[in-house]
Amino acid sequence: MKKLSKVHTKTRKNHYLHGYTTKEQARLREQARFLEFLTHQDINFSNTKNILEVGCGVGAQSEILLRRFPEAHLTCIDLNPHQIASAREHLKKFAHYQGRYTIKEMNACDLSLESKSFDGAFLCWVLEHIERPEQVLNEVRRVLRSGARIYVTEVMNFSFFLEPYSPNLWKYWMAFNDYQYEQAGDPFVGAKLGNLLTKVGFSNVHTNVKTMHYDNRWPELRREVIEYWTKLMLSAAKQLITAKATSKEIVSAALAELQQVRKDPNAVFFYSFMQAHADVL
Ligand SMILES: C[S@@+](CC[C@H](N)C(=O)[O-])C[C@H]1O[C@@H](n2cnc3c(N)ncnc32)[C@H](O)[C@@H]1O
């Protein structure tokens with residue numbers, strides 16, 4: 001509690017936690033494919049012509065959407081020019097998608113897009129990096145036509161659990177979340193999606209908790225998810241060390257603990273995230 005109230009009083013600066021290195025861009029692509037079975041399982045854009053993807057990053061989710069919904073046209077926007085360039089490069093590799101997407105550099109808080117011009121919207125791991133998520137949702141609602149559906153997938157970082165207990169990993173994870181909060185993000189935004197979507201006027205708001213719970217029943221998936229998680233956590237390590245939010249020693253100790261968890265015959269990995277959908281009436 002003490003730590004949180006201290007953080008609350010700080011000036012929050014907008015700074016992207018994961019950075020824009022080539023390594024991080026590759027991690028985003030790997031992440032999208034690794035989680036595709038959970039993230040895209042309940043997304044249905046069939047009969048949806050014009051889809052807006054907000055915070056498209058490197059085009060990893062865009063590729064999945066174009067593959068799964070061959071009738072759709074996708075407009076992908078992101079604030080960062082490096083991500084935009086990388087998304088263009090990535091989608092260019094899929095010649096059969098040419099003409100089915102547009103990529104634009106744009107701030108989701110102020111969309112230079114016509115009102116009521118889209119039939120659907122997709123946001124994944126974006127609101128967690130934005131100080132006023134309701135502003136983005138309000139903008140997205142403005143550009144959606146009546147009958148359109150929005151899907152929002154977001155983190156709920158309080159849900160993470162790892163067995164065996166790994167104290168340095170916990171220290172690092174708390175620092176990661178504090179830092180994201182200080183950088184004007186929200187590592188717990190998933191739990192708030194119901195309120196946010198309702199507040200900005202969406203109807204039929206549904207939330208669905210998606211869980212990765214891997215133990216001795218799925219040893220291969222458990223191994224893969226721990227590997228994925230290690231990369232996710234490390235993606236912020238350099239920034240956290242530079243900001244003195246954690247130390248090299250804690251990062252090394254957390255990594256050593258992760259190695260131990262990997263070898264443990266009774267290891268458990270648990271993490272839940274939220275996927276919401278809602279409609280414009
Ligand atoms: C974690 S990445 C997720 C990318 C992609 N949705 C995915 O799942 O692979 C978050 C992205 O949101 C973008 N972003 C952050 N704030 C934004 C804003 N205000 N407007 C548009 N994009 C933003 C970042 O540049 C980054 O590419």
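Side chains included, hydrogens not; waters and symmetry mates left out as well; all remaining heavy atoms used. Read the numbers this way: they start at 1 and go in the same order the structure lists the ligands and their atoms. Numbers for residues simply follow the sequence, beginning at 1.
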ask   = Does Tyr20, backbone or side chain, put an N or O under 3.5 Å from an N or O of ligand 1?
value = yes
key: Protein contact of atom 2 (S) of ligand 1 - nearest heavy atom, named by residue and atom, plus distance   = Tyr16 OH, 3.1 Å
ask   = Is it the side chain, the backbone, both or neither of Ala108 that has a heavy atom closer than 4.0 Å to ligand 1?
value = both
task = Scan Trp218, Phe270, Phe269, Tyr271 and name whichever one has a ring pair (Phe, Tyr, Trp, His ring centres under 6.0 Å) with His213.
result = Phe270
Check against side-chain contact (heavy atoms from CB on, under 4.5 Å), Met233 and Leu169 = CA-CA 9 Å; Met233 290 182 96; Leu169 196 69; 3.8 Å; yes
query = For atom 19 (N) of ligand 1, which protein heavy atom lies nearest, and how many Å away is it?
reply = Asn107 OD1, 2.9 Å
query = Side chains of Arg29 and His90: do they bring a donor and an acceptor to under 3.5 Å?
reply = yes
Close-contact set for ligand 1 against Cys56 heavy atoms, below 4.0 Å = 5 (C)
ask   = Is it true that the side chains of Glu257 and Asn168 contain a donor and an acceptor less than 3.5 Å apart?
value = yes
inquiry  = Check this for me - ligand 1, Gln83, N or O atoms closer than 3.5 angstrom, yes or no?
reply    = yes
inquiry  = Going by side chain to side chain contact (heavy atoms under 4.5 Å, CB included), Leu52 matches just one of Leu111, Leu74, Asp119. Which one?
reply    = Leu111
task = Provide the number and element of each atom of ligand 1 under 4.0 Å from a heavy atom of Ile130.
result = 16 (N), 17 (C), 18 (C), 19 (N)
message = Polar contacts were defined as any N/O atom of the residue lying under 3.5 Å from an N/O atom of the ligand; does this apply to Val54 and ligand 1?
response = no
request  = Could you tell me whether the side chains of Glu224 and Tyr214 share a donor-acceptor contact shorter than 3.5 Å?
outcome  = no
query = Just checking, any donor-acceptor pair under 3.5 angstrom between side chains of Tyr151 and Gln275?
reply = no
request  = Under 4.0 Å, heavy atoms only, figure out whether ligand 1 is touched by the backbone of Met106, its side chain, both or neither.
outcome  = backbone
query = Starting from atom 23 (C) of ligand 1, which protein heavy atom do you reach first, and at what distance in Å?
reply = Leu79 CB, 3.7 Å
note = of all protein heavy atoms, closest to atom 10 (C) of ligand 1 is Trp125 O, 3.4 Å
ask   = Is the shortest N/O to N/O distance between Gln61 and ligand 1 below 3.5 Å?
value = yes
task = Give the contacting part of Val58 toward ligand 1: side chain, backbone, both or neither, where contact means a heavy-atom distance below 4.0 Å.
result = neither
key: Identity and distance of the protein heavy atom lying nearest atom 11 (C) of ligand 1   = Asp78 OD2, 3.7 Å
key: Validation row, ring centre Tyr181 to ring centre Phe188 under 6.0 Å   = no
message = Would Gly55 count as a polar contact of ligand 1, with the cut-off being nitrogen or oxygen pairs under 3.5 Å?
response = yes
query = Looking at the rings of Phe34 and Trp229, which for Trp means the six-membered one, are their centres under 6.0 Å apart?
reply = no
message = Can you name the atoms of ligand 1, numbered from 1 with element, that are less than 4.0 Å from a heavy atom of Asn80?
response = 25 (O)
request  = Kindly say whether the aromatic ring centers of Phe69 and His40 come within a distance under 6.0 Å.
outcome  = no
inquiry  = To check you understand the geometry: which heavy-atom pair defines the closest contact between Leu137 and Phe202, and what is its length?
reply    = O-CE1, 3.8 Å
key: Proximal atoms of ligand 1 relative to Gly57 (non-hydrogen, under 4.0 Å)   = 4 (C), 27 (O)
